[in-house]
Amino acid sequence: MPGGTIFWDVDTQVDFMLPSGRLPVPGAEAILPNLGRLTEAARAAGVTIVHTTDDHDSADPEISVEPDFVETFPAHCLRGTGGARRMPQTEPAPGAADIPPDGAGVEVAALSAAGEVVLRKNRFDAFSNPATEPLLRALAPDRIVVYGVALEVCDRYAVEGMLALEGGFEIVVVADAVAALDPARGAELLEEWKKRGVRVASTDDVLAGL
């Protein structure tokens, strides 16, 4: 039912999370235990998890053989490949709702009742999926807990998109369950977000508040 807390699990997929991935985020492997704790606790508490998911094909504008690592990146999370799979710690539960990147054919009100939602995207920004804003309106959370990778790319788009909505919900970023391509820039972002009302918390703090 609408209200309460939701968890926003950002792109915790093999190509980002493991050193062997196509676009590994430094330090991502170290946050896997906390990701597992967050997933388990959400399920135990009946908290909805939205799993944003990079879902690319090689023609997507974000994919380039000459990437600038700002607007374009090497091929990663290509649909149907092992690198696009989620890590076991955040693998969606069987029967999770699944929203395609174009949001086509989605009855958001019905999906909002699901315990877990896979929200696919083919850009950095989860709000590029036209179903994202309606989904958030239907969920009507009081608090959104954000974690995953990469902090200054897809996490940033998620947090900035939520701030722009001015939805009256609290945004919490889990500092020990995120990782950045550039750790210094990641630390700067956390400080900037604090000034804008985002709460930065630890996994322990989040779990204690469920």
Derivation of the side-chain contact (heavy atoms from CB on, under 4.5 Å) call for K194 and R199: CA-CA 6 Å; K194 285 181 188 177; R199 183 158 71 89; over 6 Å; no
Show the numbers, then the answer: is there a side-chain contact (heavy atoms from CB on, under 4.5 Å) between W193 and V173? CA-CA 9 Å; W193 288 337; V173 175; 4.1 Å; yes
Apply the test side-chain hydrogen bond (donor to acceptor under 3.5 Å, both in side chains) to residues D176 and T203: give CA-CA distance (whole Å), side-chain angles for both, the deciding distance (0.1 Å), then the verdict. CA-CA 6 Å; D176 56 1; T203 298; 2.7 Å; yes
For side-chain hydrogen bond (donor to acceptor under 3.5 Å, both in side chains), just list the numbers for S202 and D205, CA-CA rounded to whole Å, side-chain angles, deciding distance to a tenth of an Å, and then say yes or no. CA-CA 5 Å; S202 67; D205 289 338; 3.2 Å; yes
Checking salt bridge (Lys or Arg N to Asp or Glu O under 4.0 Å) for the pair D9/R86: CA distance, chi angles, key distance, verdict? CA-CA 11 Å; D9 163 29; R86 233 175 180 81; 2.9 Å; yes
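No hydrogens or angles considered: nothing links the side chains of T53 and R120 as a donor-acceptor pair under 3.5 Å. N129 and T132 share no donor-acceptor pair across their side chains, judged by distance under 3.5 Å alone. Side chain to side chain, H51 and E91 fail the donor-acceptor criterion of an N or O pair below 3.5 Å.
Side chains of V174 and V145 form a contact here, defined as non-hydrogen atoms less than 4.5 Å apart. In this structure, the side chains of T90 and F7 stay at 4.5 Å or more apart for every pair of heavy atoms.
Between E192 and R196 there is no salt bridge, since no side-chain N of the basic residue sits under 4.0 Å from a carboxylate O of the acidic one.
Taking CZ from F16 and NE2 from H76, the interatomic distance works out to 4.0 Å, rounded to the nearest 0.5 Å. Rounded to the nearest 0.5 Å, atoms CG (D204) and CG (N34) are 7.5 Å apart. Of the inter-residue distances, the one linking R85 atom CZ with Q13 atom CD reads 10.5 Å to the nearest 0.5 angstrom.
For the pair T39 (side chain) and Q89 (backbone), a donor-acceptor distance under 3.5 Å is present. Between the side chain of E116 and the main chain of A93, a donor-acceptor pair closer than 3.5 Å is present. Side-chain N or O atoms of E152 include none that pairs as donor or acceptor with a backbone N or O of L189 at under 3.5 Å. The closest donor-acceptor contact from the side chain of D98 to the backbone of V117 lies at 3.5 Å or more, if one exists at all. The backbone N or O of C77 lies less than 3.5 Å from a partner atom in the side chain of D15, making a donor-acceptor pair.
A salt bridge (Lys or Arg N to Asp or Glu O under 4.0 Å) with K121 is found for one member of D60, D55, D102, D54 and no other, namely D54. Just one of I144, V50, V108 meets the side-chain contact (heavy atoms from CB on, under 4.5 Å) condition when paired with L136; it is I144.
Considering only residues two or more places apart in sequence or on other chains, F124 meets the ring pair (Phe, Tyr, Trp, His ring centres under 6.0 Å) condition with F73, Y157. For the side chain to side chain donor-acceptor pair (under 3.5 Å) test, residues two or more places apart in sequence or in another chain that qualify with E188 are R185. Partners of P74 under the side-chain contact (heavy atoms from CB on, under 4.5 Å) rule, at least two apart in sequence or in another chain, are L23, P67, F69.
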